[in-house]
Amino acid sequence: MAQTVQSATTTAKTGTQPDVELRRVLKQFGADLAVRQLDLTVRQGEFFSILGPSGCGKTTTLRLIAGFETPTAGDVLIQGTNVSTVPAHRRPVNTVFQSYALFDHMSVKDNIAFGLKIRRLGAAQVRDRVAEALRLVRMEAMANRYPAQLSGGQQQRVALARALVNRPAVMLLDEPLGALDQKLRKQMQVELSNLHRQLGITFIMVTHDQEEALSLSDRIAVMNNGQIEQIGTPSEIYDRPRTPFVADFIGDTNLLPGRVDQAHPAQVQVTTESGLRVLAQAVQSPGPTAQDVVVSVRPEKISLSLSAPGSGGNCYQGQVSHLMYLGTHLHCVVRLSSGEALTVRQPNRPTGAIAVDTPVYVHWAADDCLVLDAA
């Protein structure tokens, strides 16, 4: 096992060949298009997440890879082989579901062994593979227990072991931590990340949890309305969103619609609908003036002060209209004199100077906000 894990890990670090490819994949249910001409490539050994709101097509995409759905058009390839019409049980993938899908009448070790017995492996081989899988998820002491005797996190480990015991080329995770409480979910994120690094096989996870995708993934695909809006690393997706939808869906942001009235190679000036003038980065080459755009500025990039700051950049007067204490930080809403409401996130510091109805200045650098094409 040690040699197998080491080999897989090395492949994950150096392999450039894709493990999964979707080429112009379309999936239609009656008159509804769930997936629209999707192109997607997942590299060997990658932890890849598909992120998006409910109904965006992310689960359908995972089911197309797993073989639970057949594409209406296009091709699904796994390790270079077209598997579009290959049934699920003949694909080199295994799926872990949010519901765990364990057999209540079977012990932990029998749940894990189920797939191996269906494949008619010898008793000794089944025993060794089950023991190996139990060690991977640190559940050796629970081998003879039944699902009802396990916590949610332990059941999730068993579900992972049952998938891993078949040694799939690709592990598919469908909202795998969605049924867990927040604290246990955080713990299982660490477990999942460690397991991926140890095994080195390709993980593809579907989730609607932005923080989970950002913390676990090598790359993320953000889906909307059956299409991919952007693919990139977590930092690219968060810091350099390409569309207003991505900026708004990943974390929190303030979106200010307006029009370009001055354009330079690295910076543009935008006048919002209320007349506010904002300097911002141009994510792409700036278009013509009068172009409809949206300025995105993250709440943590905005600073609050009781007096006018001396530095340049974007600075506006306003009044605190809402204040929420969230432990590590303060969540503020500031209503500007021009009418816009900005969400501001401030570190929790021992000060009582800022309260509801306090007049304040909000300010941020031009480099701390982006101008995105409204279209």
key: Counterpart residues, side chain to side chain contact (heavy atoms under 4.5 Å, CB included), relative to Gln187 (two or more places apart)   = Lys183, Leu184
request  = Output yes when a side-chain donor or acceptor of Gln319 lies under 3.5 Å from a complementary backbone atom of Asp357, and no otherwise.
outcome  = yes
Sub-4.5 Å side-chain heavy-atom contact between Arg242 and Leu372 = no
Leu38 vs Leu64 side-chain heavy atoms within contact, under 4.5 Å = no
request  = Report the residues that fulfil side-chain hydrogen bond (donor to acceptor under 3.5 Å, both in side chains) with Tyr361, sequence neighbours left out, ordered by chain and then residue number.
outcome  = Gln317
inquiry  = Going by the rule salt bridge (Lys or Arg N to Asp or Glu O under 4.0 Å), which residues pair with Asp209 if we only count those two or more places apart in sequence or in a different chain?
reply    = Arg185
request  = Could you check Arg277 against Gln262 for side-chain hydrogen bond (donor to acceptor under 3.5 Å, both in side chains), going step by step and ending with a plain yes or no?
outcome  = CA-CA 10 Å; Arg277 290 182 177 174; Gln262 290 185 31; over 6 Å; no
query = How would you list, by chain and number, every residue that makes a side-chain hydrogen bond (donor to acceptor under 3.5 Å, both in side chains) with Asn224, sequence neighbours excluded?
reply = Glu229
task = Would you list the pairs meeting salt bridge (charged side-chain N to carboxylate O under 4.0 Å, His left out) in which at least one residue belongs to residues 141-157, sequence neighbours left out?
result = Arg157-Glu191
message = Between Gln149 (side chain only) and Tyr146 (backbone N and O only), is there a donor and an acceptor less than 3.5 Å apart?
response = yes
inquiry  = Using side-chain hydrogen bond (donor to acceptor under 3.5 Å, both in side chains), reason through Glu69 and Thr60 one step at a time and then give a plain yes or no.
reply    = CA-CA 8 Å; Glu69 301 287 353; Thr60 300; over 6 Å; no
task = Identify, with sequence neighbours excluded, every residue that meets side chain to side chain contact (heavy atoms under 4.5 Å, CB included) alongside Leu33.
result = Leu26, Gln28, Arg36
Just list the side-chain donor-acceptor pairs under 3.5 Å for residues 106-118, sequence neighbours left out, or say none.
unit_1	atom_1	unit_2	atom_2	d
Ser107	OG	Asp110	N	3.3
Ser107	OG	Asp110	OD2	3.2
Lys109	NZ	Asn144	OD1	3.1
Asn111	OD1	Phe103	N	2.8
Asn111	ND2	Phe103	O	3.1
Asn111	ND2	Met106	O	3.1
Asn111	ND2	Ser107	O	3.1

query = Under a 4.5 Å cut-off applied to non-hydrogen side-chain atoms, are Asp19 and Phe48 in contact?
reply = no
query = Got a sec, which residues hit side chain to side chain contact (heavy atoms under 4.5 Å, CB included) with Asp248, two or more places apart in sequence or on another chain?
reply = Thr253, Leu255
Closest approach of Pro234 to Asp218 (non-hydrogen atoms, all atoms of both residues) = CD-O, 3.4 Å
query = Apart from Leu214 itself, which Ile, Leu, Val, Met, Phe, Trp or Tyr residues share its cluster (side-chain heavy atoms under 4.5 Å, direct or through members)?
reply = Leu51, Ile220, Val222, Ile237, Tyr238, Phe245, Val246, Phe249, Ile250
key: Check: Thr272 and Val295 side chains under 4.5 Å, non-hydrogen atoms   = no
query = Is any side-chain heavy atom of Val20 less than 4.5 Å from a side-chain heavy atom of Ile204?
reply = yes
inquiry  = Checking Asp75 now: which residues fulfil side-chain hydrogen bond (donor to acceptor under 3.5 Å, both in side chains) with it, not counting sequence neighbours?
reply    = Asn82
remark   = side chain to side chain contact (heavy atoms under 4.5 Å, CB included) with Leu173: of Leu216, Ile50, Leu160, Val206, only one passes, and it is Leu160
query = If you measure from the Lys or Arg side-chain nitrogens to the Asp or Glu carboxylate oxygens, is any gap between Arg298 and Glu300 under 4.0 Å?
reply = no
inquiry  = Please check: side-chain N/O of Arg162 versus main-chain N/O of Ala101, any donor-acceptor pairing under 3.5 Å?
reply    = yes
ask   = Quick one: are Thr271 and Arg259 in side-chain contact, heavy atoms under 4.5 Å?
value = no
inquiry  = Is any side-chain heavy atom of Asn254 closer than 4.5 Å to one of Glu340?
reply    = no
note = Residue set satisfying ring-ring contact (aromatic ring centres under 6.0 Å, His included) with Phe203, at least two apart, ordered chain then number -> Phe47, His196
query = By side chain to side chain contact (heavy atoms under 4.5 Å, CB included), which residues pair with Glu273, not counting sequence neighbours?
reply = Pro257
task = Look at the side chain of Arg335 and the backbone N and O of Gly339, then say whether any donor-acceptor pair between them is shorter than 3.5 Å.
result = yes
remark   = Looking only at heavy atoms, the pair that brings Val333 and Ala341 closest together is CG1-CB, 4.1 Å
Any Cys369 side-chain heavy atom under 4.5 Å of Lys301 side chain = no
